[in-house]
Every structure is written in structure tokens, then in C-alpha cells.
Participant: 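My structure is below; once you've seen it, I'll send some questions.
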Amino acid sequence: MKNQERLRQKLGVYFVVGSQDCCFSVEETLRVSEEALRGGAGSLQLRDKGSRLSDEERYEMARALQRLCKQYDALFFVNDDVDLAIRLQADGIHVGQDDMALNEVRAAVGENMFIGISAGNVEEALAAKASGADCLGVGAMFATTSKADAGEPIGPAGLREIREAVGKDLPIVGIGGITLANAGEIMSAGADGVAIISAISRAASPREAAASLVRIVTAV
């Protein structure tokens with residue numbers, strides 16, 4: 001069964017990663033991901049876009065990432081790929097505005113899988129809430145090169161508007177261009193957590209980067 005309170009607790013530092021973020025290497029993806037989890041990331045999303053892996057290689061990498069998440073008591077999400085999420089029985093799936101409609105995703109994955117939805121404005125956020133989203137990925141917060149389809153930045157002010165519109169009960173993570181320097185702004189705007197790509201994957205020490213982010217998000 002889904003545990004909404006556990007979801008909120010685990011979204012503080014939400015690491016989004018694929019092999020394209022780690023030199024197109026499965027081994028490096030697993031290494032960086034384990035370091036992030038050791039540093040305290042509570043959720044991990046496999047977003048393997050534009051990689052060079054076959055479907056079966058991606059599945060095997062996803063299984064390995066899922067095992068790491070279980071080892072470190074973190075939630076494991078799959079980006080966009082409903083079939084893969086079902087095959088793995090992932091904790092959750094995240095879909096964008098241009099992906100499968102939420103009601104179709106829910107019909108496919110059942111009631112026990114978390115569904116996260118991307119939202120870039122109040123209208124999208126309210127529609128996601130009305131459709132039964134379990135959490136929102138709101139952004140882009142700042143300009144980013146990690147996600148080509150991130151859209152124009154809405155900043156902390158945009159996140160604050162969305163928080164006021166959807167109320168306090170729906171978990172929100174900010175995403176897009178978030179660093180150690182600006183993560184606190186996102187939390188102060190009403191987020192439950194920060195979704196991170198390059199601030200962890202490109203860090204000299206992914207473990208320390210994750211640990212620093214945990215300290216920031218728990219201090220606000």
C-alpha cells in the first residue's frame with residue numbers, strides 16, 4: 001500500500017539520473033547513485049533519456065538501481081516508461097505534461113504505485129491534483145542544461161504560487177538548475193524537496209553533495 005507520509009519524508013533530496021548523466025556508463029551510473037544514496041538521497045528516479053543502452057541493458061541497470069534503493073531505504077521511481085515501472089514494480093513513476101495522461105497511467109500501474117506529474121504553472125498543478133497525482137515536480141526553477149525539455153524557468157516565486165493553489169497536503173519537489181547555493185530558496189518557497197541531476201552527478205563527491213543538500217533541506 002502507498003504511504004503518503006513516507007513519500008513526503010523521502011522527497012527531500014530526490015536524485016534524478018540516467019546513464020547520459022554518467023559518461024554513458026552503467027557502472028558509473030550505479031557508482032554515482034550509490035554515493036548519492038549513501039549521502040542521504042531519499043528518492044531516486046531513473047530518467048535514461050538519449051542513452052546508448054538496449055532495452056534489456058536499461059532493465060538490468062534499473063534492477064540494480066532498485067536494489068540499491070531498497071538497500072538504502074529509498075524510493076525508486078521510473079521516468080515516463082510505464083511498462084518498465086510495472087515490470088519492476090517500482091515505488092513510483094513520473095510523467096511529464098506530454099507523456100501518457102495520468103488517468104491512463106493509474107489504470108495501467110494500479111493504486112499502489114506513486115505517480116508524480118510535472119507542472120510548470122498553476123493550471124497544470126491543479127489539473128494534476130484533480131486527477132489524483134501523488135506528488136508534483138515543479139519547474140524549471142532555474143535555467144538548466146540537464147533537461148532539454150525543462151521549459152522557461154518559473155523560479156521560487158512560481159513554485160510559491162503553485163503551493164498556494166494546491167494547498168499544503170500535496171507533496172512538491174522543485175526541479176531544474178538547483179544547486180547547493182539555491183536549494184534553500186526552493187524549500188523556503190514551499191517545496192517538500194529538491195530534485196537534483198547535475199549538482200550530484202557532476203560533483204567531485206556525489207555523496208558529500210547529497211549530504212550537503214540533506215542538511216540544507218532539513219534546515220528550512
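We're numbering straight along the sequence, starting at 1.
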Participant: Return the CD to CG distance between E124 and L136, rounded to the nearest 0.5 Å.
Facilitator: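 Result: 10.0 Å between the selected atoms.
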Participant: Under the 3.5 angstrom rule, does the side chain of K129 hit a backbone N or O of V166 as a donor-acceptor pair?
Facilitator: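 Looks like yes, one N/O pair under 3.5 Å.
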Participant: Which heavy atom in T29 sits nearest to a heavy atom in L65, and how many Å separate them?
Facilitator: O-CD2, 4.4 Å
Participant: With a 4.5 Å cut-off on side-chain heavy atoms, are R160 and E164 touching?
Facilitator: yes
Participant: Any donor and acceptor pair, going by atom type alone, linking the side chain of Q97 with main-chain N or O of S118 inside 3.5 Å?
Facilitator: yes
Participant: First locate atom CG of D55, then atom CZ of R87, and finally report the distance between them rounded to the nearest 0.5 Å.
Facilitator: 9.0 Å
Participant: Does R47 come within less than 4.0 Å of D80, counting only side-chain N to carboxylate O?
Facilitator: no
Participant: Going from CZ on F114 to SG on C135, what distance comes out if it is rounded to the nearest 0.5 angstrom?
Facilitator: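 Answer rounded to 0.5 Å: 8.0 Å.
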Participant: If I compare all heavy atoms of V82 with all of A108, which pair ends up nearest, and what's the gap?
Facilitator: CG1-CB, 3.8 Å
Participant: Under a 4.0 Å N-O cut-off, is there an ion pair linking R58 with D81?
Facilitator: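 No.
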Participant: Tell me, do Y59 and L88 make a side-chain contact under 4.5 Å, heavy atoms counted?
Facilitator: yes
Participant: State the CD-CD distance between Q89 and Q66, to the nearest 0.5 angstrom.
Facilitator: 9.0 Å
Participant: When rounded to the nearest 0.5 angstrom, what is the spacing between NE2 in H94 and CD1 in I115?
Facilitator: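 If I round to the nearest 0.5 Å, the distance is 11.0 Å.
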Participant: Quick one: list whatever passes salt bridge (Lys or Arg N to Asp or Glu O under 4.0 Å) with K70, sequence neighbours left out.
Facilitator: none
Participant: In residues 209-220, what donor-acceptor pairs under 3.5 Å come from side-chain atoms, sequence neighbours left out?
Facilitator:
residue: S212; atom: OG; partner: E208; partner atom: O; Å: 2.9
residue: S212; atom: OG; partner: E208; partner atom: OE2; Å: 3.0
residue: S212; atom: OG; partner: R215; partner atom: NH2; Å: 3.0
residue: R215; atom: NH2; partner: E208; partner atom: OE2; Å: 2.7
residue: T218; atom: OG1; partner: V214; partner atom: O; Å: 2.7
residue: T218; atom: OG1; partner: R215; partner atom: O; Å: 3.3

Participant: On a heavy-atom basis, which atom in Q45 and which in N79 lie closest, and how many Å separate them?
Facilitator: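 Q45 and N79 have their closest heavy atoms at OE1-ND2, 2.8 Å.
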Participant: Kindly indicate whether the side chain of M113, heavy atoms from C-beta on, has any atom under 4.5 Å from the side chain of V105.
Facilitator: no
Participant: Take I196 and V16 through the test side-chain contact (heavy atoms from CB on, under 4.5 Å) and record every step on the way to the result.
Facilitator: CA-CA 6 Å; I196 302 292; V16 180; over 6 Å; no
Participant: Where do I186 and G174 come nearest, in terms of heavy atoms and distance?
Facilitator: CG2-CA, 4.0 Å
Participant: In Å and rounded to the nearest 0.5 Å, what is the OG1 to CD distance from T179 to E185?
Facilitator: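 The distance works out to 8.5 Å.
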Participant: Going by the salt bridge (charged side-chain N to carboxylate O under 4.0 Å, His left out) test, name the single residue among R106, R8, K10 that passes it with D134.
Facilitator: R106
Participant: Could you walk me through whether V32 and F15 pass the side-chain contact (heavy atoms from CB on, under 4.5 Å) test, one step at a time?
Facilitator: CA-CA 10 Å; V32 169; F15 184 39; 3.8 Å; yes
Participant: Hey, is the main chain of A62 close enough, under 3.5 Å, to the side chain of D48 for a donor-acceptor pair?
Facilitator: no
Participant: Count I, L, V, M, F, W, Y as connected when their side-chain heavy atoms are under 4.5 Å apart, and connections chain through other members. Are L180 and M187 then in the same cluster?
Facilitator: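 Shared cluster, yes.
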Participant: Looking at side-chain heavy atoms only, is the closest gap between Y72 and L44 below 4.5 Å?
Facilitator: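 Contact flag for Y72/L44 side chains = no.
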Participant: Identify the two heavy atoms, one from P171 and one from L11, that lie closest to each other, and give their separation to 0.1 Å.
Facilitator: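 For P171 versus L11, the nearest heavy atoms are CB-CD1, 3.7 Å.
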Participant: Under 4.5 Å between any side-chain heavy atoms of I175 and V138, yes or no?
Facilitator: no
Participant: Quick one: are L84 and L46 in side-chain contact, heavy atoms under 4.5 Å?
Facilitator: yes
Participant: Measure across C69 and L37 and return the closest heavy-atom pair with its distance rounded to 0.1 Å.
Facilitator: N-CD1, 4.0 Å
